[in-house]
Protein chains: 2
Amino acid sequence: MQRGQESPDAVRIRTLPVQVAAHLTRRIVSGDIEDGRAPSELDISQEFGVSRVVARETLKILASLDIVDVAQGRRVVVRPRAEWDYLSPLLIEWLPTEIVGELLQELHQMRVLLEPELAAMAAASITEETLDRLKTELDRMSALEADPDAYLEVDHEFHMEICRAADNRILDRIMYSARWLGTASRRITNEAPAGLCRATAEHAEIYEALVARDPEGARAAMRRHLSNNYSTLIEEKGKQTKRAARRR
Amino acid sequence: MQRGQESPDAVRIRTLPVQVAAHLTRRIVSGDIEDGRAPSELDISQEFGVSRVVARETLKILASLDIVDVAQGRRVVVRPRAEWDYLSPLLIEWLPTEIVGELLQELHQMRVLLEPELAAMAAASITEETLDRLKTELDRMSALEADPDAYLEVDHEFHMEICRAADNRILDRIMYSARWLGTASRRITNEAPAGLCRATAEHAEIYEALVARDPEGARAAMRRHLSNNYSTLIEEKGKQTKRAARRR
DNA sequence: GAGGTCCAACTTGTCATATAAGCTGCTGAC
DNA sequence: GTCAGCAGCTTATATGACAAGTTGGACCTC
């Protein structure tokens, strides 16, 4: 009766163009398609047995990720990998885990640079309503420590709330992309978040600094939080590497 | 909609879907389309006199900018403006100038946070080849002070080179996405009479710190450079506002 | 009347075919 | 050797048809 209750792990059915784009991207990454020459609409429709419409939308998707260049009359060309849109969760899903792992660290590096400043900015201009919402989320988090997935949902919302309070659409957009990136990569690596208990305490510290409208305090609290995050990230990566090594 | 109906000053010929997407976005921004209800494929194809294929691609474009949500069977819905992809050059082109002006300042705020750190990171790991390229660009800039447009090209390349040297694909992508606005803001600032001369000196300072592999120095030099940029940006904005007021 | 089932209408997803328009590289004239 | 021009490739757009998913209301049950 009630709809819209998709479980987080629900295998979302993706459209044909997305599936084909995933295949092609993986082939490009693996070096199966030589740089500079990508298949045309006709090639794609024949090889994958789809209509030209689907082949066309596939190329549009790849173009929107800056993976290829498409123009009328010209052949499709693969763009340099350095220019691909690594902020897109779609692309991240298609990349091999070792690259995703690297990107995760680079993502964290970005968060370390931005989030403490965002917290400081937020402390200067945060509203009572936002503080109320943060408090609510704080309570929900401490109640959800047994359910990592649900916890992470609220965790992200907590961080995004602070980001929004900083009142900068560019920075907000960046963190919004980062949020999806984080969940996408977590889905790939299937990595269990650790240290939820500690995280809650750290969130509380950030909240207190915001309530006090103390930019320095908020910056410092956020910085502590992220540096703790980083250690667990590294630990988890270590475990993964070991697991991967054992599998060989 | 026939092919020659673009506005006269539109230099680049854009595809039909892009043109229609521009129209629709402007209508949404102006409040002409009530939030939460966007036109369907059929509505679009009838109203603009285009085929369903074009209407469809239009919606795909809007969806890729997070302006709308599209799913099979469901009606198209307009997403909250706070979640639109303000990092996309397409969207920016379609927004009214006052919003673009605000975004310009928000972008600058982001650069102030990121670029000094990028410079510091680069100083720690920069290669001789990159330093050589930076030197070349430095020379070209001082030779191009009479030609603002060409100067800006090299200016941009200089900043991106440093960004690339920091060796972080996420941060690189962010700065790359911001390229359009970066050049836009730099074009404005460098319209100021003494702008280019001072900018060249500041670039040289950054370069020297990188050669010395001095993170602190590079960070400080970049910070000075950006804060100078900012003062001229504010001045220019003031002038523009006055001009606009006079025109009324 | 409240609550649930089911279907018809609407919407997006995909297919097939045809034509227009733009680019590339080769041919052939000079 | 140079360059105009054409042939053959490519993407862009149009049209019509059907598949598949959603929505909202009619209708049925209790």
Side-chain angles (χ1 to χ4, degrees), chain A residues 1-7 10-24 33-79 90, chain B residues 1-6 10-24 28 33-79 90:
Chain A
M1 42 182 61
Q2 298 292 38
R3 296 172 316 92
Q5 290 193 353
E6 325 157 10
S7 73
V11 182
R12 273 188 300 173
I13 290 140
R14 327 217 76 153
T15 61
L16 238 41
V18 172
Q19 295 177 46
V20 177
H23 270 94
L24 281 178
I33 293 177
E34 54 179 319
D35 275 18
R37 287 208 60 177
S40 69
E41 284 185 11
L42 216 68
D43 294 336
I44 294 173
S45 67
Q46 285 172 355
E47 176 175 348
F48 290 88
V50 296
S51 73
R52 252 195 71 206
V53 176
V54 169
R56 185 176 175 66
E57 284 194 5
T58 297
L59 286 178
K60 291 285 183 196
I61 291 172
L62 295 181
S64 80
L65 297 176
D66 286 341
I67 296 175
V68 300
D69 258 336
V70 179
Q72 183 171 0
R74 273 200 286 253
R75 271 201 293 258
V76 181
V77 294
V78 178
R79 298 188 57 177
L90 217 44
Chain B
M1 183 189 284
Q2 296 298 345
R3 263 212 160 259
Q5 282 194 351
E6 317 157 18
V11 182
R12 274 181 300 175
I13 292 146
R14 325 217 78 154
T15 63
L16 240 40
V18 172
Q19 295 177 48
V20 176
H23 271 93
L24 281 178
I28 294 173
I33 292 177
E34 56 178 320
D35 275 18
R37 288 205 60 175
S40 68
E41 285 183 5
L42 216 69
D43 294 336
I44 294 173
S45 67
Q46 286 171 354
E47 176 175 347
F48 290 89
V50 296
S51 72
R52 238 196 84 200
V53 177
V54 169
R56 184 177 176 66
E57 283 195 6
T58 297
L59 286 178
K60 290 286 181 196
I61 292 173
L62 295 181
S64 80
L65 297 175
D66 286 340
I67 295 175
V68 299
D69 258 337
V70 178
Q72 183 171 1
R74 272 202 285 254
R75 272 202 292 258
V76 182
V77 295
V78 177
R79 299 188 57 176
L90 261 192

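So that the names make sense, note that chain A is the first sequence line, chain B the second, and so on, each numbered from 1. Bear in mind the structure is a predicted one, so any value in this text is a computation, not a measurement.
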Engineer: What is the distance, to the nearest angstrom, from the CD atom on A:Q46 to the P atom on C:dC15?
Structural biologist: 14 Å
Engineer: Return the 5'-most residue of the pair A:G49, A:R74 with respect to DNA chain C, ranking by each residue's nearest nucleotide.
Structural biologist: A:G49
Engineer: Using the ring pair (Phe, Tyr, Trp, His ring centres under 6.0 Å) rule, collect all pairs that involve residues 38-65 of chain A, keeping only residues at least two apart or in two chains.
Structural biologist: A:H23-A:F48
Engineer: Mind checking what makes side-chain hydrogen bond (donor to acceptor under 3.5 Å, both in side chains) contact with A:R75, not counting sequence neighbours?
Structural biologist: none
Engineer: Heavy atoms from C-beta onward define the side chain here; which of C:dT11, C:dC15, D:dA14 lies closest to that of A:V54?
Structural biologist: C:dC15
Engineer: Just compare C:dT24, D:dT23, D:dT13 and give me whichever is closest to any side-chain atom of B:L16.
Structural biologist: D:dT13
Engineer: Looking at every non-hydrogen atom in both residues, tell me the closest pair between B:A63 and B:V70 and how far apart they are.
Structural biologist: CB-CG2, 4.1 Å
Engineer: Restricting both atoms to N or O, compile the protein contacts to nucleotides 17-20 of chain D shorter than 3.5 Å, with distance only.
Structural biologist:
unit_1 : atom_1 : unit_2 : atom_2 : d
D:dA17 : N6     : B:R52  : NH1    : 3.3
D:dA20 : N3     : B:Q72  : NE2    : 3.0

Engineer: What are the two closest heavy atoms between B:L59 and B:P39, and how far apart are they?
Structural biologist: CD2-O, 4.2 Å
Engineer: Which residue lies toward the 5' end of DNA chain D, B:S51 or A:R75, if each is placed at its nearest nucleotide?
Structural biologist: A:R75
Engineer: Please report the shortest heavy-atom distance between A:E41 and A:A55, naming the atom on each side.
Structural biologist: O-CB, 3.3 Å
Engineer: Regarding B:V53, tell me which of base, sugar-phosphate or nothing describes its non-hydrogen contacts under 4.0 Å with the strands shown.
Structural biologist: base
Engineer: Look at the side chain of A:E41 and decide which nucleotide, out of D:dA12, D:dT13, D:dT10, has an atom nearest to it.
Structural biologist: D:dA12
